[in-house]
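Have a look at the structure below, then the notes.
FYI, the numbering just counts along the sequence from 1.
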Amino acid sequence: WAGKAVVWACVVGGGILAYLQLSREGRPYSSLSIAITLLLPVGLLQGTRIMADWPYFAFSYLFLYLLSSLSQSRRSIAMAFLTGAVLGYASLIRFIGVLLGAAVVAQAWKKIRGDNKSFNLVESLPEFIVALVGASVFLGWKLWIAVQASAGRAHEHMYYTDGWIERIMS
């Protein structure tokens with residue numbers, strides 16, 4: 001029953017975070033968009049894949065919510081580290097999560113360019129921290145597993161498919 005509780009917590013938490021983020025962005029029909037997403041039959045019938053999809057959904061919207069908070073009033077180094085850690089975890093849950101980094105790049109670029117079109121790197125320091133922490137979490141785990149697999153303490157097929165380790169190590 002613990003697995004079902006985790007899935008439902010991710011569904012409910014992700015739905016709330018998605019609604020908060022879409023409302024913050026001023027998107028029309030936020031409630032309807034979230035309701036349709038949460039009621040997708042394929043999302044509830046995928047068997048073992050559901051354990052990766054719903055946590056990814058929740059962590060992705062948590063990341064986007066925290067990132068948009070960085071551009072507003074909560075501009076602190078601690079918030080940047082937290083946002084970067086959530087980015088890294090979302091990328092580890094589903095590999096496609098690395099594309100969430102594009103939001104960091106876009107927000108940093110917007111701040112670097114500024115309103116007066118002059119470069120201001122100091123304004124985007126939190127975004128650089130987010131990118132650094134997120135990449136460190138993701139690449140650190142990938143490196144740890146590669147070392148463990150090459151030492152024979154982890155089975156490659158449990159973490160990577162199609163000879164990913166051999167391509168990196170050669």
Does a sphere of radius 6.0 Å around OH in Y89 hold more than 12 heavy atoms from other residues, nucleotides or ligands, not counting ones at 6.0 Å or beyond? no

Apply side-chain contact (heavy atoms from CB on, under 4.5 Å) to I96 and list each qualifying residue two or more places apart in sequence or on a separate chain. Y56, R94, L99

Where S124 and A108 come nearest, the two heavy atoms and their spacing: CB-O, 3.8 Å

Counting only N and O atoms by type, is there a donor-acceptor contact under 3.5 Å from the side chain of Q107 to the main-chain atoms of E127? no

Assigning hydrophobic clusters by single linkage (Ile, Leu, Val, Met, Phe, Trp, Tyr; side-chain heavy-atom cutoff under 4.5 Å), is L132 placed with I77? no

Nearest heavy-atom neighbours spanning S76 and L70: O-CD2, 4.1 Å

Distance-only criterion, 3.5 Å: show the donor-acceptor pairs between side-chain atoms of residues 15-23 and protein atoms not counting sequence neighbours.
from	atom 1	to	atom 2	distance (Å)
Q21	OE1	S68	OG	3.1
Q21	NE2	E25	OE2	2.9
S23	OG	Y19	O	2.9

Scanning both residues in full, the closest heavy-atom pair of A80 with P126 reads CB-O, 3.6 Å

For A90 and L100, the nearest pair of non-hydrogen atoms, with its separation, is CB-CD1, 3.9 Å

Which heavy atom of L64 sits nearest a heavy atom of A103, and at what distance? CD2-CB, 4.3 Å

Which value, rounded to the nearest 0.5 Å, describes the distance between L82 atom CG and S69 atom OG? 10.0 Å

If you look at every heavy atom in L67 and T83, which pair is closest and at what distance? N-CG2, 3.9 Å

The test is ring pair (Phe, Tyr, Trp, His ring centres under 6.0 Å); show your working for F59 and F63 and say whether it passes. CA-CA 6 Å; F59 269 85; F63 165 72; over 10 Å; no

Are W144 and L92 linked, directly or through intermediate hydrophobic residues, by side-chain heavy-atom contacts shorter than 4.5 Å (ILVMFWY only)? yes

Is it the case that one hydrophobic cluster holds both L139 and L87, taking links as side-chain heavy atoms less than 4.5 Å apart, direct or via other members? yes

